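Here the structure is laid out as structure tokens; the discussion comes afterwards.
In this text the structure is predicted, and so the values were computed from the model without any measurement. For the numbers below, each heavy atom of this structure counts, side chains included, while hydrogens, waters and symmetry mates do not. Just so you know, residue 1 is the first one in the sequence shown, and it goes up from there.
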Amino acid sequence: MNKDLFQNKPGLRWQYFYSVLIVITVSLLCYGLSQYLGYRVIALILLLAVSIIAISFEIFPVLLAAALSAFIWDFFFIPPHFTFHVASTEDAILLIMYFIIAMVNAVLTYRIRKVEKLARLRQERAKAVKLYNTLLNSLSHELRTPIATIIGATDNLQEDNKNLTEENKKQLVAEIAKASVRLNQQVENLLNSSRIESGFLQPRKDWCDVEELIHAVIKRVEEDGVTQQIKIAIQSPLPLIKLDKGMLEQVLLNLLSNASRHTPQDAVIMVRSSCNHFLLISIEDNGKGFPEEEIPFVFNKFYRLKQTTISGTGLGLSIVKGFTEAMGGTVELQNKPEGGARFTVKLPAEKSTFKKGADE
């Protein structure tokens, strides 16, 4: 975990208050146990309390805690009690050493925290640069290709070339439409990824006909020119379910697009859906499946299979995971024993008691 453990620490005034409170509380506990513990053992306990404070707070509240603990140890625990006078030379040396060790411990712990924080920031900065380069490299191809297709096709149409037949023009228009869909999908993935990263992703739930949504998404994918055969096996009748229709649509679209891009042209893609206590939607294929060692990483942002020649930004499956979890569900990937891969989306099913198609 790379997050700063102390980024949510209280303000400086509260740090002073908590530092004093912790030292006094530990001192009271030690005072209650002083008949069982020697004052040298109590010094170690107080040092532990100061160390814990040093792990969490800024330097000046820690120095205050260190000084306060030294004075409390001297006044209440070192014989004679209730006086700052130290009877023996040994105890005087111990008190001085305690004070020095407490102060050094506070300063060193604070410096170590600063060094660790700086190292974390450098690591996060390097990671951000790497992610930026990955995104830039991916987008340079993923966006350039459809844009080049659109520009080339529109140039040919605008030139009013007499050699272009009506069939040629229809093909150019079809290429523009296909490239536009691809470009729009990449932009949607970028926007959706930003929504997930922002942390403000909230599903807008409404009653949804899941069966109708599945058919609509499949039709949209087929219109993009996929060659794979897409089959449907849906539990009938599926009830109306309250969920975010837009999120589920994007989840299904990304999973179907992923299946069509990573399977042979003659492959079969099967979409199954059922609803009991949960809504289950699985999208499986009879392709080669995924390398087992890479399955835990496929939902990571910008992750692409190591041995693939298929281009992509690596955002599609990370969006699937982000949207599914935002709706309170889970998504899993597993290879089928007979070959191919299966993605299973599991969502909470808040079902309607009304039957679809029934008159109200």
Side-chain angles (χ1 to χ4, degrees), residues 142 146 174-175 177-179 181-182 184-186 188-189 208-238 241 245 247-276 278-299 303-321 323-324 329-347 349:
E142 290 300 307
E175 287 182 7
K178 188 175 180 180
V181 169
R182 183 177 176 185
N184 182 65
Q185 186 173 355
Q186 294 301 328
E188 282 185 353
N189 279 341
C208 174
D209 187 334
V210 176
E211 183 175 356
E212 180 182 303
L213 178 62
I214 291 173
H215 283 282
V217 173
I218 291 175
K219 182 180 179 182
R220 180 177 169 183
V221 172
E222 289 176 337
E223 288 175 349
D224 291 344
V226 299
T227 59
Q228 293 87 346
Q229 182 182 3
I230 302 178
K231 295 184 177 181
I232 305 174
I234 298 179
Q235 169 191 321
S236 185
L238 276 181
I241 298 176
K245 181 179 178 180
M247 284 189 182
L248 181 58
E249 181 179 12
Q250 192 65 51
V251 166
L252 297 178
L253 181 62
N254 283 11
L255 288 176
L256 285 170
S257 298
N258 182 79
S260 65
R261 287 163 65 87
H262 291 86
T263 55
Q265 294 184 354
D266 58 348
V268 176
I269 300 173
M270 175 66 73
V271 181
R272 304 180 189 272
S273 182
S274 61
C275 182
N276 192 1
F278 293 91
L279 171 65
L280 295 176
I281 301 177
S282 67
I283 296 178
E284 57 187 71
D285 59 69
N286 58 352
K288 297 180 180 179
F290 287 78
E292 290 291 341
E293 67 276 8
E294 295 191 61
I295 287 180
F297 309 106
V298 296
F299 293 107
Y303 187 82
R304 296 176 59 203
L305 297 180
K306 296 178 181 178
Q307 302 299 325
T308 184
T309 57
I310 300 172
S311 62
T313 58
L315 291 174
L317 292 182
S318 69
I319 291 170
V320 168
K321 185 175 186 292
F323 277 14
T324 302
T330 59
V331 58
E332 295 181 352
L333 166 62
Q334 57 184 173
N335 287 326
K336 300 192 300 181
E338 65 273 20
R342 177 187 295 114
F343 287 89
T344 303
V345 176
K346 183 179 180 181
L347 295 171

Can you tell me if [X] uses its side chain to pair, donor with acceptor, with the backbone of [Y] under 3.5 Å?
X    : Y    : value
E211 : I234 : no
S260 : S257 : yes
Q229 : D266 : no

[X] side chain near [Y] side chain, heavy-atom distance below 4.5 Å:
X    : Y    : result
I281 : V210 : yes
V221 : L253 : yes
F343 : V320 : no
C208 : I241 : no
V331 : F323 : no
N335 : I295 : yes
L317 : L255 : yes

Is it the case that more than 12 heavy atoms not belonging to [X] sit under 6.0 Å from its [atom1] atom?
X    : atom1 : value
Q265 : CD    : no
E332 : CD    : no
K336 : NZ    : yes

Atom [atom1] of [X] and atom [atom2] of [Y]: how far apart are they, to the nearest 0.5 Å?
X    : Y    : atom1 : atom2 : answer
L279 : K346 : CG    : NZ    : 11.5 Å
H215 : E222 : NE2   : CD    : 10.5 Å
E284 : I269 : CD    : CD1   : 11.0 Å
I319 : T324 : CD1   : OG1   : 11.0 Å
R342 : M270 : CZ    : CE    : 10.5 Å
I283 : R272 : CD1   : CZ    : 12.0 Å

[X] and [Y]: which non-hydrogen atoms are nearest, and at how many Å?
X    : Y    : result
G316 : N254 : O-ND2, 3.1 Å
Q228 : A259 : NE2-O, 4.4 Å
V217 : L256 : CG1-CD1, 3.8 Å
L238 : C275 : CD2-CB, 3.7 Å
A267 : N286 : CB-OD1, 3.3 Å
T263 : G287 : CG2-CA, 4.3 Å

